[in-house]
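Fair warning: this is a prediction, and the values are worked out from it, not measured in the lab. One is the number of the first residue; the rest follow in order along the sequence.
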Amino acid sequence: QALLVESGGGLVQPGGSLRLSCSASGFTFSRSAMSWHRQTQGKERDLVARISSGGSIRRYADSVKGRFTISRDNAKNTVYLQMNSLNPEDTAVYYCNTDPPNSAYWGQGTQVTVSS
């Protein structure tokens, strides 16, 4: 049974940084491309970033390009999202999943709030 647990969210001021982590278990993480998504209330969940199984290929949504960095540690079964220069529009619940996402894998997410 796959389990994804996100952590690292919180309240941060505009211009600040956060690093999200996603711990994975129950599937072969090192062979799985991974992704981060975010969702605000009343809106669809949007793809933020994706990373290949080996970590060499990374893609970003235009809205976060140059500010966010996705990375992974296959020895720790963990994928990360470093978020810099945060602005209020980045406020959302952030989720990780495989890429493409598996509907059965969605976790609880981690809340990120950018506010002064």
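- Within 6.0 Å of atom CD in Q111, more than 12 heavy atoms from other residues, nucleotides or ligands are found, so the atom counts as buried in its surroundings.
- Of the options W36, Y105, Y80, W106, a side chain to side chain contact (heavy atoms under 4.5 Å, CB included) to C96 is made by W36 and by none of the others.
- The line from OG of S30 to CG of D73 is 11.5 Å long, rounded to the nearest 0.5 Å.
- A cation-pi arrangement, defined by a distance under 6.0 Å to the six-membered ring centre and an angle within 45 degrees of its axis, is present between R72 and F29.
- Put simply, the side chain of N87 does not reach to within 4.5 Å of the side chain of P14, judged on heavy atoms.
- Between Y94 and F68, the angle of the ring planes lies from 30° to 60°, which puts this pair in the tilted group.
- Remark: side-chain polar atoms of R31 are not paired, donor with acceptor, to backbone N or O of F27 under 3.5 angstrom.
- Here the straight-line distance linking atom OG1 of T113 with atom CG of L18 works out to 9.5 Å at 0.5 Å rounding.
- For the pair Q82 and L20, the minimum side-chain heavy-atom distance is 4.5 Å or more.
- With rounding to the nearest 0.5 angstrom, the CG atom of N74 is 7.5 Å from the OG atom of S53.
- Between the T78 side chain and the K76 main chain, a donor and an acceptor come within less than 3.5 Å of each other.
- Taking 4.5 Å as the limit, some side-chain heavy atom of M34 sits within range of a side-chain heavy atom of T98.
- Here the closest heavy-atom approach between residue V79 and residue I70 is recorded as CG2-CG1, 4.0 Å.
- Side chain of T110 to backbone of G9: a donor-acceptor contact under 3.5 angstrom is found.
- Residues N97 and N102 are in side-chain contact: their nearest non-hydrogen atoms beyond the backbone lie under 4.5 Å apart.
- The residues D46 and R38 are annotated as not salt-bridged, no charged nitrogen and carboxylate oxygen being separated by less than 4.0 angstrom.
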Q.
With side chain to side chain contact (heavy atoms under 4.5 Å, CB included) as the criterion, how do Y95 and L4 come out once you've worked through the C-alpha distance, each side chain's angles and the decisive distance to 0.1 Å?
A. CA-CA 9 Å; Y95 301 88; L4 295 169; over 6 Å; no
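- Residue S116 holds its OG atom at 9.5 Å from CG of L11, rounded to the nearest 0.5 Å.
- In this structure, the side chain of R45 does not engage the main chain of V93 through any donor-acceptor pair within 3.5 Å.
- Between the side chain of D99 and the backbone N or O of A49 there is no donor-acceptor pair closer than 3.5 Å.
- Put simply, OG1 on T40 and CD on E89 are 11.0 Å apart, with the number rounded to the nearest 0.5 Å.
- Every pair passing side-chain hydrogen bond (donor to acceptor under 3.5 Å, both in side chains) that includes a residue from residues 11-29 is listed here, sequence neighbours excluded: S17-N84.
- Here the closest heavy-atom approach between residue L81 and residue V48 is recorded as CD2-CG1, 4.3 Å.
- For the atom pair OG (S52) and CD1 (I57), the distance works out to 4.5 Å, reported to the nearest 0.5 Å.
- A donor-acceptor pair under 3.5 Å is absent between the side-chain atoms of S35 and the main chain of R50, judged by distance alone.
- Residues Y60 and M83 fall within the same hydrophobic cluster, defined by Ile, Leu, Val, Met, Phe, Trp and Tyr side chains chained together at heavy-atom separations under 4.5 Å.
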